[in-house]
Amino acid sequence: MVAEAQGLPNQWDVQKKTNIRWIAELGTQTYGNVVVSGGKVLIGTNNGHSRDLKMTGDKGVLMCFAARDGAFLWQAVHDKLPEPMDYDWPDIGICSTPCVVGKRVFYVSNRGELMCVDLDGFHDGENDGPFREEESTGKKVADVIWRLDMVKDLGVFPCMASASAPLVWEDLVFVVTGNGYHATKEKVVAPKAPSFIAVNRVSGQVVWQDSSPGAKILAGQWSSPALGRVKGRSQVVFPGGDGWLYSFEPRTGKLLWKFNCKTHDPVDDEGLYETDDHLVATPVIYDDKVFIAVGQDPEMGDGEGCLRAIDATKTGDVTETAELWRRAGDDFGRSISTVAIREGLLYAAELGGFLQCLNLATGKPYWRHDLMSRVWSSPMVADGRVYIGNEDGSVFVFEHGKKDRLLAEIEMGGAIHGTVTVADGVLYIAHSSKLFAITERK
Amino acid sequence: MNRGFAGAVVVLSCISGVLAGEHWPQWRGPDFNGTSDATGLPVTWSRTENIRWSAELPSWSGATPIVWGDRVFVASAAKATEDNRAPDVKPIRKLAPDGRDLLLLCISRKDGKLLWRRTLDSGNAHVGKQNMSSPSPVTDGKLVWALTGTGILVCFDRHGKEIWRHSLQDKYGKFGLMWGYASSPFLWDNKLIVQVLHGFATDDPSYLVAFDSLTGKVVWKVDRPTDQPKETPDAYSTPVPMRVGDRVEIVISGGGYVTAHHPVDGKEIWRSAGLNPTIHGWWRTVSSPLVVDEMVIASAKNNPIVGVRGGGKGNVTKTHLVWSNSIAPDVPTPVSDGEYLYVLHDNGSLSCLNPKTGEPYYKKKRLPRGTYSASPLLAEGRVYVTSENAKTTVVATGPKFTVLATNDLEDGYTLSSIAVAGSEFFVRTSTHLYCISKEK
């Protein structure tokens, strides 16, 4: 959640169109993040403002726009799963944030499919495969390269939503499958189905899989993996719906270490060691450490949470030995946001509506700013500033540093559930139904 | 203070020979707005301080305790047993087990002893964050009426003798709310008025029905239409009265509209849109409308919160919607002393607005961490707000945010709003009913 950029605006106005390069219409609910690559802008949304009148009704949609002017290029449209209340919640659209490598876009559809599509769509005049059975090869539809149906082929039962953001490393794609708890059956109905997978990025074939959270998944698994080098060795860290972090050797899927993030210390009044917290945020690997906060489904409301720094150099169950610091209880609430790290400072948001700036080494707070309403968004540090949005539709711009200096609070006009994205000197911010490209007018 | 119904209270008070502020006869209290004239109330309490008594309850519930004279009426689910447990129909969080039976308890106000207990129905279930005992009872001191989330409406006398009962679902068709039914019955002028605002899981129209409170005979029933999509027709709110000159209108909020109805025949007098400006499909209403003098304050799932002036006719959106802003609550119903409007936000903050203009005096001031579902109470110049973990913060009334105390009953799942009567608070946590008053 850090971008190298310069000349970014800290003032804009969506009503007066000040510093607004373009605005694109999305659906009516948008939970995904904006991704920019190769002059194209991608975002998951729903089908509330259908761009194809032959495909109306509730669907998941990935939209692709031109970065230059916001022109709509193509979209991938996915039907809802049957029984959407259980595992493909109505109207939430595609929640996964895509990952683009070269001309390939990887994302997870609302149907629990890991998708690989062509960044150029059919604008390149080719139907790239192996998948070539698209119903149309029109310019406005997606050119599917391959798809892995994690529900049908891997037996996954997603809880309410499939939301993981794929991660590409060498020839592998890592993703959290979204296997989850079945609310009405009161159990994990597919405990043996994989939670974490590595897939060949060219063929879509599963290379390795792991079902560690299994029957202990508490709700959904909506998070995403992170990959980094620790003491010169690559690790892929998966956040589990059982509240554990799992780190694997990325090539083989061999478990390196695991850490129980939902622990109490000391035990609570009733002698319990564990909370109902799990991991909705995405881990961040930095300087041989992993940083992540626990949270729950935002519908469960606010409560006490725990943000930790974990030593990633150990092996085995490291719950008792790898914690470097924590900020917990009343000092840090539940969170579904991913932390941002810059120059010895760590920015972390609480769902209840606070942004904190902490000392990266010690976890000691420098400041905590009240953002007034719920925060799903993650802090983005760029150009000496910190950007973050809230559910009331405001974007806050802070000066990056140890002092709490709010530079601007800007109304966007709709609930913000994603993170401010920075690319090529442009800020991209989506609220529930619109995507804004924001840049300093020269 | 907002004195819209002081007359009604005085009449009732004369009958029972007690002072105003002595009762809490229905979910938002004697004036239908979360305020009370009660005095001599404690500012601080804990499990060991200022507790007159506590009574263990069979189960958690969203229903508010109702107080009249020497009795407290409490709706509850039964205690769970090994072979009798309410099913989880559509839970969004793990809820403590409770039984299938839905109960009305009558508890002695003096010492918390159970006086009688009646079973209303046996269809309890967990839906969303609630069970099927969310509607609060209502009493006039002689009779008490209880409604379950399963639509069983029963009238008892104060000794627990059943007078009449109806099954709304048998009579009028299945409820079709996404998260189960939760509106409280509303007593007005010998009529028990019940709103069923639904649409998510039914094509049947939403309706209002008025029963003769003594006999249970249907006095009127009207459709309460809405054109809103999906879940938006669903409402968990409760009707309130509004005085307009020398007459009274019944105000309903839900389905994207505020409407006002004639109490004699239920006919709609006016309606205002403005609660769901983007025609969102998932914009159900939980908080109830609040009447502050000539204004109705209402909101749905989230922003906006609106102020609609009464006294109109037909569609008044363009003429009577006076203000609208983004300082709305989701679940808690606001409270007002007539001069200041207090809005409690679910994520743990309080705002103070001018009820006539919506202008904030202060905005989203932080309370102790937690989720807030209970509605605020205003009495003796103080606002009391309770979180789901049973922490009640006491805030001074007025345009400055001043916390006077935070009182922790150390409990896990408190949904119920506080009731006040005489010099006593009645606070329901997930396990107990506490009677709280100053130690003498």
Side-chain angles (χ1 to χ4, degrees), chain A residues 27-29 46 48-49 58 85-86 89-92 159-160 181-187 218-220 268-270 276 296-305 329-334 350-354 368 370-375 390-394 411 413-415 431-434, chain B residues 85 87-95 97 125-129 178-179 200-201 229-232 277-283 301-304 325-331 345-349 351 360 362-373 387-389 391 410-413 415:
Chain A
T28 50
Q29 291 186 40
N46 75 5
H49 298 131
D58 191 7
M85 302 299 284
D86 284 332
W89 195 260
D91 279 350
I92 60 174
C159 176
M160 295 193 276
Y181 186 81
H182 193 303
T184 43
K185 292 186 179 156
E186 294 184 60
K187 61 176 183 185
L218 291 157
D268 72 8
D269 296 349
E270 285 157 14
D276 282 339
Q296 299 190 18
D297 176 353
E299 283 290 325
M300 311 283 277
D302 193 17
E304 295 182 350
D330 207 37
D331 293 332
F332 198 88
R334 288 180 194 157
E350 302 169 70
L351 176 71
F354 295 96
R368 182 190 206 186
D370 192 343
L371 306 181
M372 305 291 232
S373 80
R374 277 190 185 157
V375 173
N390 73 8
E391 209 172 32
D392 270 357
S394 292
E411 296 276 333
H431 68 47
S432 44
S433 62
K434 283 186 171 67
Chain B
R85 228 193 102 181
D88 285 313
V89 174
K90 207 185 291 159
I92 53 170
R93 55 174 89 185
K94 289 184 182 67
L95 300 167
H126 297 164
V127 194
K129 65 194 280 183
M178 181 156 167
W179 303 111
F200 174 73
K230 293 179 186 163
E231 193 200 358
T232 305
T278 62
I279 320 293
H280 201 288
W282 308 91
W283 218 244
K301 183 168 192 275
N302 202 328
N303 299 325
N325 68 35
S326 56
I327 315 176
D330 176 3
V331 173
H345 307 280
D346 304 57
N347 70 337
S349 60
S351 298
Y362 60 78
K363 202 171 132 181
K364 297 192 175 179
K365 294 291 182 188
R366 285 288 171 175
L367 301 163
R369 181 187 297 289
T371 299
Y372 288 71
S373 291
S387 69
E388 286 190 3
N389 50 2
K391 280 195 184 107
E410 299 166 44
D411 194 287
Y413 195 46
L415 301 173

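Numbers restart at 1 for each chain; the letters A, B, ... are given by sequence-line order, proteins then strands. In this text, all values refer to a predicted model and were calculated from it rather than measured experimentally.
Interface remark: N302(B) contributes side-chain atoms only to the contact with chain A (heavy atom separation under 4.5 Å). When heavy atoms are compared at a cutoff of 4.5 Å, Q296(A) does not approach chain B at all. If you measure heavy-atom distances from K230(B) to chain A, the contacts under 4.5 Å come from the side chain alone. Residue S432(A): no heavy atom, backbone or side chain, is found under 4.5 Å from chain B. Both the backbone and the side chain of D330(A) come within less than 4.5 Å of a heavy atom of chain B.
At least one cation-pi condition fails for R369(B) and F332(A): the charged atom is not both under 6.0 angstrom from the six-membered ring centre and inside a 45 degree cone around its axis.
In this structure, CG in D91(A) is found 7.5 Å from NE2 in H280(B), a value given to the nearest 0.5 Å. Separation of atoms CG (N389(B)) and CD (E304(A)) is listed at 8.0 Å; rounding is to 0.5 Å.
Listed options E391(A), R334(A), Q29(A) were ranked by heavy-atom pairs under 4.5 angstrom with chain B; first place goes to Q29(A).
For the side-chain contact (heavy atoms from CB on, under 4.5 Å) with D370(A), the qualifying choice from K365(B), R366(B), K364(B) is R366(B), the only one to do so.
Using a 4.5 Å heavy-atom cutoff, the side chains of D392(A) and N303(B) are in contact.
In this structure a side-chain-to-backbone donor-acceptor pair under 3.5 Å is present from N347(B) to M372(A).
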